[in-house]
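Here the structure comes first, spelled out in structure tokens, and everything after it is commentary.
Below, read A as the first sequence line, B as the second, and so on, with proteins coming before strands; counting in each chain starts at 1.
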Amino acid sequence: MLTLQVLRNDRDALAQALAKRGIDAAPMLDRILSLDEERRHTQKEVDDLKAQQNAASREIGELFKSGKKDEAEQRRADMGALKEKIHALDEQQKALIEQQESALLELPNRPHDSVPAGQSDADNEVVSEEGARPELGDAAVPHWELADRYKLIDFEAGVKITGAGFPVYRGKGAKLQRALIQFFLDRADQAGYEEFIPPHLVNPDSARGTGQLPDKEGQMYHCADDDLYLIPTAEVPLTNLFRGNLLSAEELPVQLCGYTPCFRREAGSYGKDVRGLNRLHQFDKVEIVRFEKPENSYAALEGMVEHVRGLLRDLELPFRTLRLCGGDLGFTAALTFDLEVWSGAQGRWLEVSSVSNFETFQANRLHCRYRNSEGKPQLVHTLNGSALALPRIVAALLENHQTPEGIRIPAALQPYTGFTTIS
RNA sequence: GGAGAGAUGGCAGAGUGGUCGAUUGCGGCGGUCUUGAAAACCGCUGUACCGCAAGGUACCGGGGGUUCGAAUCCCUCUCUCUCCGCCA
């Protein structure tokens with residue numbers, strides 16, 4: 001949620017920045033501003049009346065104490081009208097604040113200056129591309145066939161037990177999952193991220209804190225009996241660890257990581273997008289999260305992207321880095337870099353990581369602040385990134401490293417898998 | 001699931017109708033002392049909103065109520081803790 005202050009100070013620039021998302025925010029901004037003006041007016045009025053009331057109450061107390069009972073009773077009788085007026089204005093005030101809050105909640109984050117305008121993923125900017133794509137020729141086999149051939153994943157069993165999008169990993173397929181998780185966590189640890197194992201269900205306050213509610217309600221699985229949501233990403237519980245906290249400057253930066261399964265309903269997806277491991281309802285992911293001082297957050301974002309690149313290099317996968325355009329940028333993000341790996345057999349790019357700076361957008365909802373150099377509480381910047389999401393990594397590993405003899409495991413991963421090939 | 005206790009400032013913990021935004025301790029900041037540090041001593045130290053300012057208003061888990069006046073009384077919700085039961 002944007003702060004009212006930004007909106008007040010910077011209405012025009014904000015509207016311009018939001019236009020990069022392809023939305024005309026001006027009417028909404030003006031509505032909020034006029035609500036704000038009305039609220040301030042009402043507050044002035046009600047505050048003055050309350051001041052009157054407080055003064056009168058003090059005087060009545062004095063009168064009672066000094067034994068002037070008659071005068072006190074008289075004053076007391078006169079208070080009724082004032083009380084009613086205050087009550088009515090309080091109600092009005094509350095309604096205004098509510099309207100303003102809900103309007104503010106619907107406003108997406110302000111895109112960073114470097115975000116290109118654009119409608120869809122077609123307008124994303126390719127920042128860099130690395131690694132040679134394999135020469136597989138006509139012999140290229142898609143990962144779902146390889147997974148079946150080497151008995152790594154049983155998609156049908158998942159359908160029977162749960163439904164489509166819930167694969168069952170088996171044998172070396174299961175070991176590969178475990179190896180990747182361990183590899184990613186070790187690398188995050190080496191980079192200074194403290195490991196956490198958070199709950200996999202969160203309450204509505206947490207979902208609101210990171211911005212999943214109200215924006216993405218339909219994307220999450222909801223346990224209605226207990227009003228809890230299955231996490232769509234570890235970002236939600238990890239970031240909410242610091243909800244409501246006031247940090248000292250020395251505590252920053254905070255660097256966290258964690259492995260969790262992730263659950264997404266993915267309503268409306270179909271076709272080649274959901275084939276094999278391309279899009280699942282449950283998948284595994286290691287997430288990295290940072291809380292930063294505002295002046296450091298963009299350097300931190302660079303560092304996180306570089307961390308993810310390091311993982312992809314070690315897995316010997318061809319990949320590219322995208323700067324998301326306004327139209328593709330998530331609701332809560334100010335700047336996002338996506339990392340995509342080349343899927344050798346499918347002949348297309350698969351998103352495996354999304355690294356974002358949310359600036360104060362989440363922190364404002366989370367009420368997560370730190371004491372700045374002047375000793376004043378100030379909103380922190382929050383960032384997070386996948387490092388990494390497993391399914392598409394597995395897809396790319398299978399497809400790009402396939403040989404007539406089997407699947408070649410990259411050297412960096414071999415200490416974790418305990419085997420060098422899958423055959 | 002049954003019974004009881006509790007929720008107060010960065011943290012700990014007092015406060016049971018009228019200068020209580022709140023005693024005190026710790027922490028933090030500033031100072032005295034010291035070659036320097038520690039200790040000791042002295043002072044300062046909540047947040048948000050309105051206002052150019054002076055100042056005003058709100059906040060003692062959330063919501064509602066009683067009262068001229070509520071951290072304090074009543075109702076309600078949520079959460080936490082203890083004991084019992086069940087259980088990986």
| task | Could you give the distance separating B:G10 and B:A5 at their C1' atoms, to the nearest angstrom? | result | 26 Å
| task | Using side chain to side chain donor-acceptor pair (under 3.5 Å) as the criterion, point out the one residue from A:K285, A:Q212, A:R264 that pairs with A:T233. | result | A:K285
| said: Whole angstroms only, please: what is the NZ-C1' distance between A:K50 and B:C50? | reply: 12 Å
| said: Do A:E45 and A:Q93 make a side-chain contact, defined as non-hydrogen atoms from C-beta onward lying under 4.5 Å apart? | reply: no
| task | With the side chain counted from C-beta on, respond yes when A:I407 and A:T421 share a heavy-atom pair under 4.5 Å apart, and no when they do not. | result | no
| request: Please measure how far the P atom in B:A7 lies from the corresponding atom in B:C60, and state the result in whole Å. | output: 13 Å
| task | Using whole Å, report how far CZ of A:R369 lies from P of B:U47. | result | 8 Å
| Only one of A:T336, A:T382, A:N109 forms a side chain to side chain donor-acceptor pair (under 3.5 Å) with A:S356, so which one is it? | A:T336
| Separation of B:C29 P from A:N372 CG (nearest whole Å) | 14 Å
| field | Side-chain N or O of A:K94 closer than 4.0 Å to phosphate OP1/OP2 of B:G63 | value | no
| request: Tell me what A:E62 touches on the nucleic acid: a base, only sugar-phosphate, or nothing, going by heavy atoms under 4.0 Å. | output: nothing
| said: Judged by each residue's nearest nucleotide on RNA chain B, which is more toward the 5′ side, A:N54 or A:G61? | reply: A:G61
| query | Is the A:Y221 ring parallel, tilted or perpendicular to the A:H281 ring (thresholds 30°, 60°)? | reply | perpendicular
| task | Please state the C1' separation for the pair B:G63 and B:C26 - nearest whole angstrom. | result | 34 Å
| What interatomic distance, in whole Å, is found between C1' of B:U23 and the corresponding atom of B:C74? | 28 Å
| field | Pairwise P distance, B:G28 and B:G65 [rounded to whole Å] | value | 44 Å
| message | Using a 4.0 Å heavy-atom cut-off, does A:K376 contact any base of the nucleic acid, only the sugar-phosphate backbone, or nothing at all? | response | nothing
| said: In this structure, how many angstroms lie between the C1' atom of B:G10 and the CD atom of A:E250, rounded? | reply: 12 Å
| Spacing between A:R208 atom CZ and B:G62 atom C1', to the nearest angstrom | 13 Å
| Candidate pair A:H381 and A:N296, rule side-chain hydrogen bond (donor to acceptor under 3.5 Å, both in side chains), full reasoning | CA-CA 9 Å; A:H381 280 193; A:N296 295 337; over 6 Å; no
| What's the closest nucleotide to the A:Q43 side chain, out of B:C49, B:C68, B:U47? | B:C49
| query | How are the rings of A:F183 and A:Y416 set to each other: parallel, tilted or perpendicular (split at 30° and 60°)? | reply | perpendicular
| said: From the set B:G10, B:U47, B:C50, return the single nucleotide nearest to any side-chain atom of A:L246. | reply: B:G10
| Taking only N and O in the side chain of A:R8, is any of them less than 4.0 Å away from OP1 or OP2 of B:C49? | no
| task | Please measure how far the C1' atom in B:C84 lies from the corresponding atom in B:G61, and state the result in whole Å. | result | 27 Å
| request: For nucleotides B:C68 and B:U32, find the distance between their C1' atoms and express it as a whole number of Å. | output: 50 Å
| When rounded to the nearest Å, what value does the distance between C1' atoms of B:U72 and B:A22 take? | 12 Å
| field | A:Q16 atom CD: more than 12 heavy-atom contacts under 6.0 Å | value | no
| So which nucleotide from B:C50, B:G69, B:G56 ends up closest to the side chain of A:S57? | B:G69
| Mapping A:Q52 and A:L4 onto RNA chain B by nearest heavy atom, which one lands closer to the 5' end? | A:L4
| message | Just the rounded figure in Å: distance from P of B:G56 to CD1 of A:I86. | response | 16 Å
| Consecutive Watson-Crick or G-U pairs in runs of at least 3, all under 3.5 Å, in which RNA chain B is involved | B:1-7 with B:78-84, B:10-12 with B:24-26, B:27-32 with B:40-45, B:46-50 with B:55-59, B:61-65 with B:73-77
| note | A:H87 atom NE2 is separated from B:G69 atom C1', nearest whole Å, by 17 Å
| task | Give A:D48 one of three labels, base, sugar-phosphate or nothing, depending on what nucleic acid heavy atoms sit under 4.0 Å from its own. | result | nothing
| remark: The nucleotide from B:C68, B:C50, B:A58 with an atom nearest the side chain of A:R76 is B:C68
| task | Looking at every strand, decide which applies to A:A51 at a 4.0 Å heavy-atom threshold: base, sugar-phosphate, or nothing. | result | sugar-phosphate
| message | At 4.0 Å (heavy atoms only), tell me whether A:R39 reaches a base, stays on the sugar-phosphate, or touches nothing. | response | sugar-phosphate
| said: Quick check on B:G10: is either OP1 or OP2 less than 4.0 Å from any side-chain nitrogen or oxygen of A:N245? | reply: no
| task | Quick one: label A:R75 by what it contacts on the DNA or RNA (base, sugar-phosphate, nothing), any heavy atom closer than 4.0 Å. | result | nothing
| Any side-chain heavy atom of A:E73 within less than 4.5 Å of one from A:F64? | yes
| query | Any side-chain N or O of A:R371 less than 4.0 Å from the OP1 or OP2 oxygen of B:G28? | reply | no
| field | Side-chain N,O (A:N203) to OP1/OP2 (B:C79) below 4.0 Å | value | no
| task | Take the angle between the ring planes of A:F331 and A:F361 and call it parallel below 30°, perpendicular above 60°, tilted in between. | result | perpendicular
| Atom CD of A:Q378 to atom C1' of B:A48: distance rounded to whole Å? | 16 Å
| Given B:C68, is OP1 or OP2 found less than 4.0 Å from the side-chain N or O atoms of A:Q53? | no
